[in-house]
Amino acid sequence: MLQAQKKHARFLFMFIFPAFIIYTVFMLLPILNSMKYSLYSGDGLIPENFVGLDNYVKLFTEERYYSKFWNAFSNNIKFFLIVTFIQNILGFFMAVFVTRSFKGNKFMRKLSFLPTTLSVLVVGFIFKLILNPYYGVFDKVLEALGLGKYIIPWLGDPRSALIIVSIAVSWQFFGESVLFYSSGIDGIDDSILEAARIDGANIWHEIIHIILPSVLPIVGIVTILIFIGDFTQFDIVYAMTGYRGDPGYSTDLMGSLFYRTAFATTERGGWGTGMGATVATMMFIIVTVGVGILLAFFNRKKEEMLK
Amino acid sequence: MMKPTKAAARALLYGIMVFYALTIIMPLIIMLSTSFKSNAEIFNNPFGLPEKFNFDAYTSLFVISNYGRYFLNSIGVTVISLAVAVTVSALASYAISKYQFKYNKAIYVFFVLGLFIPIKLGTVDIMLTMLNLKIFDTLWALIIVYIAMAIPLSVFILYDYIRMIPDELSSAARIDGCSEPGIFGRIIVPLVKPGLAAAGIISFIPNWNEFWFPLVLIKSREHFTIPLATGQLFGQFDTKLNLVFAVLSLASVPVIIIYLLLSNYFVKGLSAGAVKG
């Protein structure tokens with residue numbers, strides 16, 4: 001690394017400036033400006049009247065707003081918990097299996113990441129078609145297995161719709177967890193595993209005492225990425241249950257709530273741009289606080305492990 | 001000779017792997033094979049492969065629904081935004097990884113923080129800005145947003161690649177009187193080509209699949225990208241199932257091919273990120 005001198009200043013500025021300005025103006029400022037718009041209201045596209053925290057007061061005291069907000073929030077928590085369970089816990093075990101030496105493990109690792117490369121929209125549509133009550137393959141398979149009596153309209157029933165949507169997202173991003181955990185497991189020194197095996201450790205001991213502690217930081221990263229992704233998720237709802245999160249808003253998430261309130265017409269559930277910006281700001285707060293809590297939690301776990 | 005428990009464990013392992021592989025492949029096979037069936041065949045023969053490959057769905061998408069246009073739009077938006085994002089990110093990464101000054105670490109963190117910032121939450125302002133700039137409902141609106149979106153990941157990847165380049169070459173060139181931008185262009189860029197490729201390839205996927213911004217920023221059909229066309233046409237073809245599945249196949253096959261050809265870039269790039277993070 002070269003110690004920068006005065007004569008380098010102009011050139012350093014020239015090199016950093018383009019990326020800096022695009023990134024700041026079209027990524028960071030829009031979020032701050034949206035927070036600003038949350039303090040304004042107005043009938044047109046651009047909210048012009050300054051109303052202070054009025055939008056927030058309305059959001060939390062008027063039933064037509066807060067019922068939708070808390071509904072989307074609690075759906076989102078359930079959604080996050082299901083996805084985290086599948087991606088973290090099942091994904092961890094799958095990574096343990098995939099990193100064993102067996103014929104085809106390279107291929108499996110490649111294949112496991114494939115769904116992640118598809119668009120969420122496409123994945124949602126594929127699942128919707130497979131689960132269709134009239135021609136979907138899934139119900140036909142259940143019938144063939146003699147399980148026909150358990151068939152329900154998977155995406156039409158408020159008891160199952162959110163679970164199905166969560167499974168679809170997990171199916172897509174499962175491979176990302178597997179990839180991250182596998183690379184953590186690859187990083188474990190073989191001699192440690194070898195020594196443990198000589199001491200007679202079985203696979204459970206190996207997992208609990210060696211593999212889990214060394215991938216724990218990755219569990220933290222994966223969980224945080226899932227949290228941010230899930231609390232801004234929109235495409236999957238749009239594809240599978242529509243922008244209202246049917247049936248009866250049972251699959252409405254923060255992302256679909258934001259889309260509807262900020263960008264849809266009033267008849268389609270729009271609340272005006274100012275209110276939409278308020279929802280976005282609340283989402284930003286939720287994501288920031290959530291990530292903070294998760295970071296603190298995983299840091300503490302890490303310290304406990306080191307003791 | 002394997003012990004029986006060991007053989008059983010092996011069998012279990014292979015069983016799990018086959019099951020896992022099927023859960024990944026089956027939905028994709030169903031999608032592709034259904035797109036080649038006639039509507040009658042979809043109902044009569046939902047499981048099997050198509051009796052004969054019927055390209056009607058694809059011809060009608062390209063002839064009637066203007067799919068060629070949507071592909072060109074997507075390719076244009078992706079190529080331009082990735083080229084610009086990788087270029088500006090390489091310049092910035094070079095400056096902050098090879099020069100020691102007061103803020104280089106801080107600027108790096110500032111860029112990489114973007115990996116955790118959901119840009120979607122700024123959409124209200126982005127929409128109003130695009131209206132002000134008079135580029136709402138044009139591909140330029142998407143290009144600008146996608147450049148911004150790709151910068152954090154590109155800087156994250158390129159910073160490491162450029163830092164790894166030994167300083168001796170640059171010092172020698174400097175002694176020979178080469179200017180600082182000259183060092184970047186003649187020494188760093190040729191050496192960091194794999195890094196540029198990695199940044200471009202890894203950013204390609206989210207960029208190609210992005211649906212939210214066209215949904216908000218694009219209104220005219222002639223500016224649709226593939227994801228937006230997928231989202232809008234899906235509902236319209238409700239009764240023509242082979243068309244629906246063809247729409248999904250067209251959206252997925254390009255990324256599947258690129259992934260299968262270049263999967264090493266993804267696996268290496270992303271796992272490095274996981275371990276480092």
Side-chain angles (χ1 to χ4, degrees), chain A residues 1-4 8 11-12 15-16 18-20 22-23 26-27 30-31 33-34 37 46 94 97 100 102 104 108-115 117-119 121-122 125-126 129-130 135 137 140 171 179-180 183-184 187 218 221 228 232 234-235 238 262-263 273 276-277 280 283-284 287 291, chain B residues 13 16-17 20-21 24 27 30-31 42-43 46-47 88-89 91-92 94-96 98-101 107 111 114 116-122 124-126 128 144-145 147-148 151 180-181 205 209 211-212 216 227 230-231 234 241 244 248 251-252 255-256 259 263 266-267 270-271 274-275 277:
Chain A
M1 218 187 225
L2 183 77
Q3 184 63 48
H8 295 133
F11 136 82
L12 283 177
F15 271 41
I16 297 172
F20 183 88
I22 299 173
Y23 168 69
F26 290 98
M27 195 151 172
I31 291 182
N33 281 335
S34 293
Y37 285 125
I46 303 168
M94 193 54 83
F97 294 140
R100 302 265 118 184
F102 63 91
M108 279 309 295
R109 290 168 82 150
K110 253 183 207 175
L111 184 66
S112 67
F113 192 69
L114 182 65
T117 64
L118 302 174
S119 92
L121 192 71
V122 167
F125 283 143
I126 295 177
L129 292 166
I130 290 176
Y135 47 77
V137 176
K140 295 215 161 70
W171 176 83
L179 174 79
F180 280 13
S183 60
I218 303 179
I221 295 169
I228 298 172
T232 52
F234 164 77
D235 299 13
Y238 182 91
F263 306 110
T273 323
M283 288 166 74
F284 190 78
V287 168
V291 170
Chain B
L13 182 64
I16 293 171
M17 286 305 140
Y20 182 35
I24 295 171
I30 293 171
M31 170 182 81
I42 293 172
F43 285 92
F47 302 113
V88 296
S89 302
L91 291 169
Y94 173 59
I96 55 183
K98 286 294 183 195
Y99 294 85
Q100 173 87 48
F101 56 103
I107 295 174
F111 277 124
F116 299 95
I117 295 177
I119 185 175
K120 215 182 251 177
L121 300 183
V124 169
D125 181 57
I126 290 177
L128 299 178
I144 293 179
V145 174
I147 296 171
I151 286 176
E180 301 298 321
I205 298 279
N209 288 333
F211 173 62
W212 169 270
V216 175
T230 309
F234 187 86
L241 280 175
V244 167
L248 299 182
S252 330
V255 276
I256 294 179
Y259 173 68
S263 55
F266 292 92
V267 175
L270 291 171
S271 23
V275 175

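Chain A is the first sequence line, chain B the second, and so forth, proteins listed ahead of strands; every chain is numbered from 1. What's counted below: heavy atoms across the whole structure, side chains too, no hydrogens, waters or symmetry copies.
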Q: Out of B:Leu248, B:Asn209, B:Val255, B:Ile205, which one pairs with A:Leu118 under the side-chain contact (heavy atoms from CB on, under 4.5 Å) rule?
A: B:Val255
Q: Select one option (side chain, backbone, both, neither) describing which atoms of B:Leu128 are under 4.5 Å from chain A's heavy atoms.
A: side chain
Q: Taking side chain as everything from C-beta outward and backbone as N, CA, C, O, which of these in B:Met17 sits under 4.5 Å from a heavy atom of chain A? Side chain, backbone, both or neither.
A: both
Q: Using only atom types and a distance under 3.5 Å, with no angle test, would you say the side chain of B:Tyr259 pairs donor to acceptor with the backbone of A:Leu111?
A: no
Q: Taking ring-ring contact (aromatic ring centres under 6.0 Å, His included) as the test, write out the residues that go with B:Tyr99, two or more places apart.
A: A:His8, A:Phe11, B:Tyr94
Q: B:Leu13 versus chain A, heavy atoms under 4.5 Å apart: side chain, backbone, both or neither?
A: side chain
Q: Does any backbone or side-chain atom of B:Ile151 lie under 4.5 Å from a heavy atom of chain A? Answer side chain, backbone, both or neither.
A: side chain
Q: Heavy atoms, side chains only, cut-off 4.5 Å: are A:Ile228 and B:Phe116 in contact?
A: yes
Q: Using non-hydrogen atoms and a 4.5 Å limit, figure out which bit of B:Ile107 sits close to chain A: side chain, backbone, both or neither.
A: side chain
Q: If we define contacts as heavy-atom pairs under 4.5 Å, which of A:Ile16, A:Ile130, A:Val287 has the most with chain B?
A: A:Ile16
Q: Name the region of B:Leu121, side chain, backbone, both or neither, that has any atom closer than 4.5 Å to a heavy atom of chain A.
A: both
Q: If the plane angle is over 60° it's perpendicular, under 30° parallel, otherwise tilted; pick one for B:Trp212 and A:Phe234.
A: perpendicular
Q: Shortest non-hydrogen contact from A:Lys110 to B:Ser263?
A: CE-OG, 3.0 Å
Q: Restricting to salt bridge (Lys or Arg N to Asp or Glu O under 4.0 Å), what partner residues turn up for B:Lys120, sequence neighbours left out?
A: none
